[in-house]
Amino acid sequence: PAYWVCLRGESVVMREDGTLPFVEDGAAFLSRLERSVFPCGALDGLPCYAVDLGEAAPDGTEGESASSWFQGLPEAGAPTFLPLRQILALTGGGHVWQAVGTARHLIEWRRTSRFCGVCGTPLEMNPDENVFACRDCGYQAWPRISPAVIVAVRDGDRLLLGHNASFPDGLYAPFAGFVEPGESLEEACCREVREESGVEITDLRYFASQHWPFPGSLMIAFTAVYRSGDARADGLELTDVRWCTREDPPPAVPRKGGMGRALYDWFFTGGAMADG
């Protein structure tokens with residue numbers, strides 16, 4: 001008996017009540033899958049397993065539905081495919097999301113770790129831990145985690161937010177980007193804000209961190225105080241930046257569950273006032 005994270009690209013099979021499918025008869029489900037399966041922790045004290053259904057799996061719009069994978073199995077409920085970001089908003093970043101995110105991260109790592117980067121030999125999975133090993137040269141490929149920073153820049157009762165070119169119309173969020181080789185987290189924060197908005201910051205403070213499986217990041221959130229510079233979009237990643245206040249909020253903000261929304265909520269529920 002176990003919970004199952006069944007992925008197909010950027011979608012996951014979920015039950016109608018927002019929980020993962022629970023299968024009593026794991027052996028029957030395994031024989032039906034005919035795919036590689038690997039553990040991804042525990043949920044509610046029970047094992048949780050992940051499987052990549054592949055691009056040829058049913059998507060709920062053509063051919064079979066997600067429920068067809070679980071027909072005849074007890075406790076599976078009426079599952080359907082949901083996008084990863086919708087699951088994040090639905091679960092609020094709790095234990096279900098942690099299981100889903102872990103599975104998404106590991107499946108993407110396994111998908112992109114098929115050959116040795118040193119000699120080109122096919123990699124083999126170590127049965128005792130999450131690592132691929134090359135039988136010829138001994139190279140080991142561990143799951144890759146890419147650190148990224150996200151920064152909320154405040155100036156008194158104002159919060160500086162940016163509109164990324166890839167965002168839906170009206171959506172504004174704190175500044176974010178990957179840490180580059182040779183950088184500290186603090187240096188990455190200052191560089192990202194400077195490059196995207198032309199603003200210099202000071203008084204960086206750690207806020208929180210979050211696993212971000214798109215496809216395999218660790219998002220580290222900070223707050224900062226405006227020091228100098230005229231806020232303007234870089235015209236490349238960002239098409240607009242604006243100072244927002246509680247009286248003049250942006251038209252749209254990130255979905256709940258992510259660090260962008262957490263920083264936004266921190267400011268607009270009095271965080272900037274609370275810490276001076």
Task: Pairs flagged by ring-ring contact (aromatic ring centres under 6.0 Å, His included) wherever residues 221-253 is involved - sequence neighbours left out - done: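 Output for this query lists Tyr226-Trp243.
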
- [ ] Write down the atom of Cys244, the atom of Leu161, and the distance for their closest heavy-atom approach.
- [x]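 Shortest heavy-atom contact: SG-CD1, 3.9 Å.
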
- [ ] Enter the distance from Gln210:CD to Met219:CE here, rounded to the nearest 0.5 Å.
- [x] 7.5 Å

TODO: Evaluate salt bridge (charged side-chain N to carboxylate O under 4.0 Å, His left out) for Lys256 paired with Asp265, printing each intermediate quantity in order.
DONE: CA-CA 9 Å; Lys256 286 185 176 295; Asp265 288 346; 3.7 Å; yes

In terms of heavy-atom contacts, does [atom1] of [X] have more than 12 from other residues, nucleotides or ligands at under 6.0 Å?
X	atom1	answer
Glu108	CD	yes
Tyr49	OH	no
Asp169	CG	no

Open item on the list: Any salt bridge linking Arg85 with Glu10? Criterion: basic side-chain nitrogen under 4.0 Å from a carboxylate oxygen.
Closed with: no

Open item on the list: With salt bridge (charged side-chain N to carboxylate O under 4.0 Å, His left out) as the criterion, how do Asp248 and Arg242 come out once you've worked through the C-alpha distance, each side chain's angles and the decisive distance to 0.1 Å?
Closed with: CA-CA 10 Å; Asp248 183 26; Arg242 59 182 289 184; 3.5 Å; yes

Open item on the list: Do Tyr172 and Asp240 pair up side chain to side chain, a donor and an acceptor below 3.5 Å, judged on atom types alone?
Closed with: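 Distance-only check passes for Tyr172 and Asp240.
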
- [ ] Give a yes/no verdict on a cation-pi contact between Arg246 and Phe267, requiring under 6.0 Å between NZ or CZ and the six-membered ring centre and an angle within 45° of the axis.
- [x]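 Positive - Arg246 is close enough to the ring of Phe267 and near enough to its axis.
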
Open item on the list: So that I know where these two stand, are Trp142 and Phe132 an aromatic pair - ring centroids less than 6.0 Å apart?
Closed with: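 Ring centres of Phe132 and Trp142 not closer than 6.0 Å.
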
